[in-house]
Amino acid sequence: MSGDPKAQLRRLLHLIPLVADGESHPIGEVAATVGVSRDTLLADLQTVSERFDTPAGFVDGVSIEVTDRAVTVLTSQLLRPMRLTMRELCALELGLGMLRRERTPQEQAPIDAALAVLQAAIAATPASPEAERQLVAAELDAAGREAYLEAIRGALRDRRKLRLRYRSGSSTETTERTICPYSLMFSSGMWYVVAICDGQDGLRIFRLDRIEGAERTDEPYEVPPGFSPDAVLDGGRVFWNPSPATLTVRYSPRIARWIAEREGAEPDADGSLTLEHPLADERWAVRHVLQYGPDAEVLAPASVRAAVRRALDHIAGA
Amino acid sequence: MPKSPKIQRWIDLISALLSRHYPVTFTELARDVPAYLADGSVARGQPSTAVKRMFERDKLDLRELGIPIETTGDDGSEESAYRLRPGDFYLPYIAVVSPRGTTQPRKIGKYGYRSLGQLALDADALLAVAEAASRVRQLGNPVLAADAESAMRKLAFDLPVGAASAPDDTYLVPPRARAGAAALQALGDALFRHKRVTFTYRSMSANTTTEREVEPYGLFFLNGHWYLAARDCEKDHVLNFRVSRIDGVRVNDRRPGTADYQIPASFDLREHARSRHPWELGDGAPVEATVRFAGDSGAVAAASALGRPLPDADDDRRAFSVRRLDAFARWLLSFAGDAVPVAPAELVEEFRRQASGTRALYARGGAA
């Protein structure tokens, strides 16, 4: 995209204030600072440094000398970056808006202060009316548990263990445990804490809407250097299952195309879709298929099939 | 003589405008922009139509880039004067406030820079800005990511934004079916310029792919997916299009500097984009439903918390506003008998129908 003049101008307006001191700056360092490749930077600089006209008038232009190793810029203009554009403000406002929805009332003040400064730093142009700031929206629902998110974030940031009260999807009792959070993840509308339980091996995943208490301790811990969030990702979902067990489900042609899109699969010739899911918890499997009613059927294992049948018998007798 | 690249002309024009203390006419300004002198018409005192058109186009492009060139009088007339105030163009100085004192940015003692204002951020606000940029980068939208990146580069001129970055322990997990970068780029561009777009859309409910012409009202990120809220020109209705199901976006290229439509003032994107459960969707009037929760597993407790307590009922009954009874009945079914509808009768009947239809699948005994 080095040939797009608008993109080039944006890059040059970032670049010139950084190097316009008449000194020689190594091309590689400048490219890294501006966040572009060496070739793009050279192409941008050559476009403005090779002039075929005679600089006119008494106004100081921008003098640029480029070799294959260094760049020297001399000018009395463009020594500071330009103000934020409305679109740049929109982008950061969107991010601050997302933070706002995740945070407790006590954590709002820095967001307000940041927003006030950013809004004071924009360049207002006739092409960017105030209303444009409403063009993009995003939020990560904290399910009313912003206080727990605050405790988790603080524990993660300071690497301090967390005392957690948690009731799993299949358990009828709330348990207390001390965890070492490794990461906080948002997937398919839900926040998850990926952690290990103190003194135990193996990762655990905790859904925010099932946390009933979170309290930071003073006890430090380390996240292993080899940990990667990819370890708990399965096809765009947060999932950890060291067991090889699988659940086979047939989805009817009525809903198969939605499932196929979500799972990145192709429906069968009759329009239905049969998929194997990792199976960690039988109760999860029962809930998973029942949410689709008669449009999903467990094919295997027999134990889950029997569990679904028992659940339906229970409903019929209720 | 080869033609000067547009980028040279723009930088010359910006420099010429910034160096003036007062508004100047095009003829005065053109003397400092070599490309405007190339055909000799400015020197003769009669700027050619081609040169004037070039200047008009340049102003339009630069304003689109956020450069606030002011016009005194009507754009394009002989008497009009133009100005770019340094205080409107350059980023104000930004200081960092900490308990140990204020870190002042490096100031420039030349004309145009001395009079720039100063803003101040404390460490917590700076961290919020860095975290906000990090969130935006993870949304999978290259237009927004580039805008956030560009803003952070500007702020980095005065602020230690790298040092303020929080440890990268929060992740937004992208879905398997991601929105294409090119579609997001084109839709974002159309949205900000209010240009009409056409594309092909794969409708999942109708299982068809059709050509659509729409006026984009907003882009929103919900449950991991990007959606375009837009007025469908044929249906004359605001619809949501999942961007990953959009192909072949074409932005109206006629009159690029002019908006094709206005977004109604009554349109509220945040309200429009509010997360809803499947049973809350639809245009019909909501029905009040009562559900009895029997179990106390984590899943049941979380589901129960979505409803409203009933003042005259047992603690385990909750009220819900429901637009789609079928979707609500299926959701209740997933709790395997621990969440049972009590009212209205149509919901109870729908729940029984779904349960009975599902049970029939398993009456066959072994798997198919």
Side-chain angles (χ1 to χ4, degrees), chain A residues 5 8 14 47-48 52-53 56-57 59 77 79-81 83-85 87-88 91-92 95-96 98 110-111 113-114 117 123 125 127 134-138 141 156 167-169 172 183-189 209-210 229 235-236 261 264 286-287 290-291 293-294 297 299 309 311-312 314-315, chain B residues 2 4-8 15-16 18-19 31-32 34 63 66 68 90-91 108 119 121 124-125 128-129 132 135-136 144 147-148 151 153-154 157 169-173 175-177 191 218-221 223 269-270 273 296-299 302 330 333-334 336-337 354-355 357-359 361-362 367:
Chain A
Q8 277 188 311
H14 285 314
T47 309
V48 282
F52 302 107
D53 50 27
V59 169
Q77 307 298 343
L79 296 178
R80 278 192 65 75
R83 282 174 166 266
L84 300 183
T85 65
R87 290 177 57 155
E88 290 165 346
L92 292 183
L96 289 170
M98 291 162 74
I111 297 172
V117 165
T125 71
Q134 303 300 322
L135 291 178
V136 187
D141 192 354
L156 251 176
R167 187 159 25 159
S168 76
T172 58
S183 76
L184 190 56
M185 305 178 91
F186 187 84
S187 168
S188 303
D209 66 345
R210 294 181 187 157
E261 181 191 51
V286 172
R287 284 199 306 274
L290 285 182
Q291 71 178 309
E297 180 184 2
L299 302 184
R309 195 185 305 136
L312 290 164
H314 170 61
I315 291 170
Chain B
S4 302
K6 189 186 274 186
I7 186 81
Q8 269 183 12
S15 297
L18 283 172
S19 67
R31 294 195 187 107
D32 301 326
R63 282 173 179 159
Y90 292 122
L91 188 70
I108 302 165
L119 303 169
L121 273 179
D124 288 342
V129 174
R135 286 280 189 285
V136 172
L144 285 171
D147 286 337
R153 285 191 196 289
K154 290 177 182 178
F157 199 75
D169 293 323
T170 301
Y171 303 91
L172 309 188
V173 181
R176 207 189 285 261
L191 184 60
L219 278 166
F220 62 94
F221 181 86
N223 292 340
L269 181 64
R270 188 164 289 283
D296 52 4
S297 67
R330 285 185 178 212
L333 198 60
S334 74
Q354 299 266 1
T358 312
R359 197 164 172 234
L361 292 175
Y362 295 87

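Lettering follows sequence order; numbering is per chain, from 1.
Scanning all heavy atoms of the two residues, the minimum distance from B:Ala355 to A:Ile315 falls at CB-CG2, 3.9 Å. When all heavy atoms are compared, the tightest approach of A:Arg83 to B:Lys154 is O-NZ, 2.9 Å. Of all the heavy atoms in A:Leu84 and B:Leu91, the pair that sits closest is N-CD1, 4.2 Å. For B:Asp147 against A:Ala91, the heavy-atom pair with the smallest separation is CB-CB, 3.8 Å. Nearest heavy atom pair, residue A:Leu96 against residue B:Ala128, reads CD2-O, 3.7 Å. The nearest pair of heavy atoms linking A:Val286 to B:Ala336 is CG1-CB, 4.2 Å.
If you measure heavy-atom distances from B:Leu144 to chain A, the contacts under 4.5 Å come from both the backbone and the side chain. Heavy atoms of A:Met98 lying under 4.5 Å from chain B belong exclusively to its side chain. For a residue to count as touching a neighbouring chain, one of its non-hydrogen atoms must lie under 4.5 Å from one of that chain's; by this rule B:Leu18 touches chain A with backbone and side chain alike. Proximity to chain B involves both the backbone and the side chain of A:Arg80, based on heavy atoms less than 4.5 angstrom apart.
Options B:Val136, B:Val129, B:Leu333, B:Ile108 differ in how many heavy-atom pairs under 4.5 Å they form with chain A, and the most are formed by B:Leu333. Contact count against chain B (heavy-atom pairs under 4.5 Å) is highest for A:Pro81 among A:Pro81, A:Ser187, A:Ala114, A:Pro110. When each of B:Phe220, B:Phe221, B:Tyr90 is checked for heavy-atom pairs under 4.5 Å with chain A, B:Tyr90 comes out on top. The residue among A:Arg210, A:Arg287, A:Glu88 with the most heavy atom pairs within less than 4.5 Å of chain B is A:Glu88.
At least one donor-acceptor pair closer than 3.5 Å links the side chain of A:Arg309 to the backbone N or O of B:Tyr362. Side-chain N or O atoms of B:Arg135 include none that pairs as donor or acceptor with a backbone N or O of A:Gly95 at under 3.5 Å. No donor-acceptor pair under 3.5 Å is formed between the side chain of B:Gln354 and the backbone N or O of A:Pro294.
The distance from atom CD1 of B:Ile7 to atom CD of A:Gln8, rounded to the nearest 0.5 Å, is 5.0 Å.
Within the 4.5 Å cutoff, the side chain of A:Gln77 has heavy atoms near those of the B:Ser19 side chain.
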